[in-house]
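Below is one structure, written out as C-alpha cells, with a few remarks after it.
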Protein chains: 2
Amino acid sequence: MNIRELARRSGVSTATVSRALNDRAEVSEATRERIRRLATELGYAPNEPARTLVRRRSDTIGLIWDSGQEAQGLHNPFLLGLLSAVRTALSEADYHLMLLTTPGPDDPEGAHLQAVRRHNLEGVIVLTTPPDDHCLRQLAASTVPCAGIDTAFTGPRTVRVSSDNAAGAEAAVEHLYALGHRRIATITGPLHLPPAAERLAGYRRACARLGLGVPEGYVVEGDFFLASGEAAGRRLLSVAERPTAIFAAGDQMAIGAMHAAADAGLAVPRDLAVVGFDDIDAAALVRPALTTVAQDQRALGEAAVAALRGLLDAGPGKGLEPAQPRIVPTRLVIRGSSRSGA
Amino acid sequence: MNIRELARRSGVSTATVSRALNDRAEVSEATRERIRRLATELGYAPNEPARTLVRRRSDTIGLIWDSGQEAQGLHNPFLLGLLSAVRTALSEADYHLMLLTTPGPDDPEGAHLQAVRRHNLEGVIVLTTPPDDHCLRQLAASTVPCAGIDTAFTGPRTVRVSSDNAAGAEAAVEHLYALGHRRIATITGPLHLPPAAERLAGYRRACARLGLGVPEGYVVEGDFFLASGEAAGRRLLSVAERPTAIFAAGDQMAIGAMHAAADAGLAVPRDLAVVGFDDIDAAALVRPALTTVAQDQRALGEAAVAALRGLLDAGPGKGLEPAQPRIVPTRLVIRGSSRSGA
DNA sequence: CTGAAAGCGCTTACAG
DNA sequence: CTGAAAGCGCTTACAG
C-alpha cells in the first residue's frame, strides 16, 4: 500500500492525498476526512525514507552514549533513566530516535558526523561522555545541533545540560549541619571531571557559609567506585580530628565509606553519618539505607530535549555564542545513613 | 556533496560511482580505487534514505524495550548491559539501530508494526517486555522477524533468547549443598513470568536430584523487589524446620532476605547462607557481598542479534514452525553471603 | 481547492 | 567494464 494506490482508491491525485495527510490548509475538509479515514482503514503509513529524501529532513535525532564508562560500570543505572526520559520526550515531540555507535579505534575521525549526514539527522543528544573523544569533539565543532548531558565539549551549536552539582553538595552539607554535625569531611570524584569539581566547590561553599573549618585531610579524592570510597573512608577516620560525617560525591564511594566505618567498629549513623550523590539503586538496598543527593534523570532528559529543540528552532544562524548550560535541580533523599531511627 | 557531484569530479557516471562504492564486481580495480579515494577525500557519504528507497531495505533494526518495568526499577542495570551488547553486535553486522517508542494508551494497536513499515525496518529486537502488550503481540503475529530477550510472545518469525534459568538455579542449590547445607528454601518471582517459573523448576530439580526434601513452607513467592524478599525471609525463618540457606530468584529479594536475617539476629553466612540471581550492581556493594547467579548480558545481546540474523537470512519462506529458544548459560559468582572468610 | 509534473539521491536492469 | 535511463515513494512549487 503506497500513496499511489491510496490515491487511486480515493479517486484523487497523490498530491491531494499527501496534502490531506500532512494537514495542509488548502485541502477541503470533506476530502481530507475521507482520505484520512481510508488511510487508517487500509493501514496506510507514508514511507519515511521517501519523505526524508524529498523534504530534506528526517525528523530524526541521533543518540550517543558512552560505552567506555559503561564497561566500567560507572553511572550505569543513571544512564538508563536518562535514555528513557530522552526517548519519551523526543517521541512526544514527534521525533524518531537513532542510536549511534561509539566508534572503535579503527573508525574514521568523522564517524559521528558522517552518520549524521548519511541519515539526515537533525541533531544529536549525547549522554555522559568523556571529553577526550575525537569523533565527538569533531561533531561538537560542526554545525550539527548537539545537546549533551554531563559532557564537557563545546561548539557553535552545542548546549550542555547538567544537574546542579554545587547546590546538591551544599544541600548535603546543610543537612548534616542541621543534624548537629560540625566535623564534615568529603570524598570527591576525579577532580578533572566537571561534576566532581562542582560537587567539591559546593561542599567548600557550604562549609564556608556555615562557618565550618575544613581541617587538613578532610578532602580525599576517589574515583567514584566502591574501593576508593572504602580507602578514603579509612583515611578520613584516622585523621586526628575525626569527622562525624562524610559527604561522598558518589553513592558507591559513600557505601565504601560505610564499610570502612563498620570495619573500624563505628556504627552508622550514630558514630558517623554518610551522605552520597546520585541515588543509584543500591542506595536503597544497603543497610542502613543511604541518604543521597538524587539526580532527576527525567528532568535531565527532558531538559536535553528542550535544549536541542531550542537549537533546532533557532536555526543555523543563531546560537553562535556558546549557550548557557541548562542546570537541573537535585533533591535530597534522606534515609537511615544520616539519621537514626530509620 | 552528492553522488552526481562525485561522479562529475571523477569523470564517470553516477552508475559507476555507485558500483565502485558498493563493491560490485563489474567495476575495474583502477576506477574503483580512484573513486574510493576521491570519496573519502571529499568526505562523501551516500544518502541512506535514498538508498533505502531504491533498494527497499534499510539495513536498520528496531529496538523496543519496556518502560513499564523500568518505571518500577525492575532489572534496570540489566537492561542497559543488554542494550549495549545489542548495539555493539548490530553495528558490527553493519546494521543501524532505531529506537521504537513504547506506545501509550492512546496509540493505535498496530503502532509497532506501522513503525516497522514506515521506516522499512528489517527486524526488531525486544528487550524484557511483559507478555500483555497488544502492540507487541501484534508485531509478533506478523511476518516481521523478531528476536526477544526474556519475552513470552511467539509468532511465525519469532525467536526467544533467554538465560538458562533452570540450570542457573540448579547451580545455586548445588553450591549450597556442597557447602554442607541440607535445608535450602527458596523465594520465587511472580510465577506467571517464565524466568520465575524456570528458576523454581531448577530449584526443585536440584533438590530432588540431591535427595533434599522441600518441606512445607520452603517455597515463598515474591515480586522480585526488596520488600517482598524481606517479608519472605521473615516467613522462611519462622518455619519450624528453619532453613540454613535461601536461594532467591532475584538479587533484590536476596538482599531483602539478608535484612530479615539481620533483624532476626542471624549472621550471614554463618547462620544463614543466601544466594541471589542476576548479579545486579548492588550485589557487590552490600555486606556481606551477595553470591549470585550472574546472567551474561553480553552473550544474551549477541545471541539475540545472531538469532535475528538467522531469521533474516532464512527469508520469509522459512521459520514458520516456532523456532527453538536460544539458551544462554549463566555463571555462579561466589561472594561472602554463602561462604565465610570473604 | 485540485492535478500534472518535476525532482529529492540513489541503484539497477538494460544495452552496448 | 561503463553509461543512459527508469524508477523507488513521496512533496511541492506551478498552473489552473
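Predicted model, so just to flag it, every value in this text is computed and none were measured. All chains are named by letter (A, B, ...) in the order of the sequence lines, taking the proteins before the strands, and each is independently numbered beginning at 1.
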Looking across every strand, which nucleic acid part, if any, lies under 4.0 Å from A:Arg24 by heavy atom: base, sugar-phosphate, or nothing? sugar-phosphate
Basic-acidic side-chain contact under 4.0 Å: B:Glu33, B:Arg36: no
Comparing B:Ala15 and B:Asn47 on DNA chain C - which has the more 5′ nearest nucleotide: B:Asn47
Rounded distance in Å - CD (B:Glu48) to P (C:dC8): 19 Å
Quick one: B:Ile3 CD1 to C:dG9 C1', roughly how many Å, whole number? 8 Å
Compare side-chain N and O positions of A:Asn2 against OP1 and OP2 of D:dC8 and report whether any pair is under 4.0 Å apart. no
For B:Leu53 and D:dG9, what is the distance between atoms CG and P respectively, to the nearest whole Å? 7 Å
Within the 3.5 Å criterion, strictly below it, is a donor on A:Arg55 or A:Asn120 matched to an acceptor on the partner's side chain? no
How long is the line joining CZ of A:Arg8 and P of D:dG9, in whole Å? 15 Å
Side-chain donor/acceptor of B:Asn22 to backbone N/O of B:Arg24, under 3.5 Å: no
In whole Å, what is the span from the CZ atom of B:Arg32 to the C1' atom of D:dT2? 13 Å
Along DNA chain D (nearest heavy atom to each residue), the more 5'-positioned of B:Val27 and B:Val54: B:Val27
Nearest to the A:Arg56 side chain among C:dC8, D:dT11, C:dG3, which nucleotide is it? C:dC8
I want to check one thing: is the phosphate of D:dT2, taken as OP1 and OP2, less than 4.0 Å away from some side-chain N or O of B:Thr16? no
Would a distance-only check, ignoring hydrogens and angles, find a side-chain to backbone donor-acceptor pair under 3.5 Å from A:Glu122 to A:Asp59? yes
Just how far, in rounded Å, is C1' of D:dG9 from CG of B:Asn120? 10 Å
Rounded interatomic separation in angstrom, taking CD from A:Glu26 and P from D:dG16: 18 Å
Could you tell me the separation between the CD atom of B:Glu302 and the CD atom of B:Glu92, rounded to the nearest 0.5 Å? 7.5 Å
D:dA4 -> Watson-Crick or G-U wobble partner, both distances under 3.5 Å, gives none
Go ahead and name the base partner of D:dA13; Watson-Crick or wobble counts if both distances stay under 3.5 Å, otherwise write none. none
If you check every side-chain atom of A:Ser28, which of D:dT12, C:dT2, D:dG9 has the closest atom? C:dT2
In whole angstroms, how far is the P atom of C:dC10 from the CZ atom of B:Arg57? 18 Å
Just to confirm, is there a sub-4.0 Å distance from OP1 or OP2 of D:dT11 to any side-chain nitrogen or oxygen of A:Arg55? no
OP1, OP2 of C:dC10 versus side-chain N and O of B:Tyr44: anything below 4.0 Å? yes
5'-most contact on DNA chain D (nearest-nucleotide basis), B:Gly11 vs A:Ser18, goes to B:Gly11
Whether B:Arg51 contacts C:dT11 is assessed here as follows: a side-chain N or O lying under 4.0 Å from the phosphate OP1 or OP2. Is that the case? yes
Looking at every strand, decide which applies to B:Thr31 at a 4.0 Å heavy-atom threshold: base, sugar-phosphate, or nothing. sugar-phosphate
Considering only atom C1', compute the distance from C:dT12 to C:dG16 and round it to an integer number of Å. 16 Å
If only atom types and distance count, is the side chain of A:Ser91 paired as donor or acceptor with the main-chain N or O of A:Asp94 below 3.5 Å? no
Check: B:Arg19 side chain, D:dG3 base, donor-acceptor under 3.5 Å: yes
